[in-house]
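Below is one structure; the comments refer to it alone.
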Protein chains: 2
Amino acid sequence: MESDTTEYILDRQVGFLLRRATQRHLAIFATQIPDLTPTQFAALAKLCEAGPESQNALGRQTAMDAATIKGVIDRLRAKGLVTAGRDPGDQRRITLAASSQGRALYEARVAQAQAVTRDTLAPLTESERDCFLALLAKLT
Amino acid sequence: MESDTTEYILDRQVGFLLRRATQRHLAIFATQIPDLTPTQFAALAKLCEAGPESQNALGRQTAMDAATIKGVIDRLRAKGLVTAGRDPGDQRRITLAASSQGRALYEARVAQAQAVTRDTLAPLTESERDCFLALLAKLT
DNA sequence: AGCTTATTGTTCGTACACAAACATAGACCT
DNA sequence: AGGTCTATGTTTGTGTACGAACAATAAGCT
């Protein structure tokens, strides 16, 4: 039996499906939380949940490289949601913390953020959801 | 029993996992196919598999909006992989086709492109793979 | 102390991704 | 024919993403 190894079916490639699922997810996120992007929310959430941190360390925890986290933090600082100061013990470090405004906004949006995950997974049944998340986590 | 509805665990949100899985996939793609990006390859592949098409139509088939597909096609044209001409029947349309160079490059890379999907799904077992792809396709 | 190496943050260049506003061209309808 | 609606492509602006190169600082080693 000759299998069609030469045929490339775009719609069956993981990358393509991942891209489409991400597109849908981003649309859902933008609907639920119009005033923050997913990465901005992730950074703010980490600062609120885990406390002050250096910029690079925060980037590592939120899976953003140094160049990316910089842009995200710049925008959060411009919005007054995050404050920054030099670390007295290490002159290279910038210590970041959520401002009171940032914390308030975070707390006001957590419920919607959880709704985003719910809505994104809505096409799946309860058990499919668990299965999907477990498998997705393995591809990290 | 009080459930922690207020706690937001980043690492359990679909969006975060999708982003990380995508990051890993992009890294694998860049290793296997350094001379094209995933979107560029997708556009080229569609043109090779499905034949000439208008720019917007190609965008729809590859899940890119008009602004995005334009940039992708501009870069493919700059590399000489895609040729473009006005549609005689509809003066708005740009008819795109893979050049002979483009077709040759595509054929030389299909095997690697399939390896990308294989490598990306490598952490999963055979049956997990099918399950995952089926569920992922539902979130589209 | 002096040298080396690693870490932190910045900047630049490239490439998606989408919203919004725009110009042009077809299609349709009365 | 004239008017409306839709489709096609372009442009601009904002926001991720990442690689590469860089300066400043810290840490470790001899």
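A quick note: this is a predicted structure, and the numbers were derived from the prediction, not measured. Order of the sequence lines fixes the chain letters, A, B, ..., with proteins taken first and strands second; residue numbering starts at 1 for each chain.
- Rounded to an integer number of Å, the gap from CG of A:D90 to P of C:dG9 is 8 Å.
- At C:dT24, none of the side-chain N or O atoms of B:R93 fall inside 4.0 Å of OP1 or OP2 (strictly under the cut-off).
- With side-chain heavy atoms closer than 4.5 Å counting as contact, directly or through intermediates, A:L26 stands alone and belongs to no larger hydrophobic cluster.
- Classified by interplanar angle (parallel below 30°, tilted 30° to 60°, perpendicular above 60°), the ring pair A:F41/A:Y106 is tilted.
- Under the rule for a salt bridge (Lys or Arg N to Asp or Glu O under 4.0 Å), the partners of B:D35 that lie at least two apart in sequence or sit in another chain are B:R109.
- One finds the CD atom of B:Q32 at 8.5 Å from the CD1 atom of B:I28 (value rounded to the nearest 0.5 Å).
- Positionally, the nearest nucleotide of DNA chain D for A:K79 lies more toward the 5' end than for the other of A:K79 and A:G89.
- Atom OG1 of B:T120 and atom CG of A:L17 lie 11.5 Å apart (nearest 0.5 Å).
- A:R75 places its CZ atom 8 Å from the C1' atom of D:dT14, with the value rounded to the nearest Å.
- For the segment residues 27-35 of chain B, the set of residues with a heavy atom within less than 4.0 Å of an atom of DNA chain C is empty.
- What separates CG of B:L58 from C1' of D:dA7 is a distance of 16 Å, to the nearest Å.
- Going from atom CD1 of A:I73 over to atom P of D:dG15 covers 14 Å, rounded to whole Å.
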N/O donor-acceptor pairs under 3.5 Å from side chains in residues 130-138 of chain B, not counting sequence neighbours:
{"unit_1": "B:K138", "atom_1": "NZ", "unit_2": "A:E128", "atom_2": "OE2", "d": "3.0"}

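- For A:D11, there are no side chain to side chain donor-acceptor pair (under 3.5 Å) partners, not counting sequence neighbours.
- In this structure, CD1 in B:I9 is found 9.0 Å from NZ in A:K46, a value given to the nearest 0.5 Å.
- Mapped onto DNA chain C by nearest heavy atom, A:T95 and B:Q91 fall at different nucleotides, with A:T95 at the one closer to the 5' end.
- For B:R92, the salt bridge (Lys or Arg N to Asp or Glu O under 4.0 Å) test picks out B:D90, with sequence neighbours left out.
- Among residue pairs with one or both ends in residues 13-26 of chain A, those qualifying as side chain to side chain donor-acceptor pair (under 3.5 Å) are A:Q13-B:T117; sequence neighbours excluded.
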Review point. What string of B, S and - do you get for nucleotides 17-23 of chain C, 5' to 3', if B is base contact, S is sugar-phosphate-only contact and - is no contact with any protein heavy atom under 4.0 Å?
Key: BBB----
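- Atom NZ of A:K70 and atom P of D:dG19 are 18 Å apart (whole Å).
- Residue B:R86 contributes atom CZ, which lies 8 Å from atom P of D:dG9 at whole-angstrom precision.
- Rounded to an integer number of Å, the gap from CD1 of B:I69 to P of C:dC16 is 9 Å.
- Proximity of A:T37 to the phosphate of D:dT14: no side-chain N or O atom is located under 4.0 Å from OP1 or OP2.
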Within the sub-3.5 Å range, which N or O atoms of nucleotides 1-6 of chain D have a protein N or O partner, and how far apart are they?
none

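- From B:I73, atom CD1 reaches atom OG1 of B:T62 across 8.0 Å, with rounding to the nearest 0.5 Å.
- Within the 4.5 Å cutoff, the side chain of B:T95 has no heavy atoms near those of the B:R86 side chain.
- Summary of the strand contacts: A:D74 and B:Q40 both lie near DNA chain C, and taking for each the nucleotide with the nearest heavy atom, the more 5' one is attributed to A:D74.
- With sequence neighbours left out, the salt bridge (Lys or Arg N to Asp or Glu O under 4.0 Å) criterion links B:D74 to B:K70.
- In this structure, CG of B:L76 is placed 10 Å from P of C:dA15, rounded to the nearest angstrom.
- When the local axes at the two ends of the helix from C:dA1-D:dT30 to C:dT30-D:dA1 are compared, using 5 base pairs at each end, they differ in direction by 10° after rounding to 10°.
- Every residue was checked against the ring pair (Phe, Tyr, Trp, His ring centres under 6.0 Å) condition with B:F29, not counting sequence neighbours, and none meets it.
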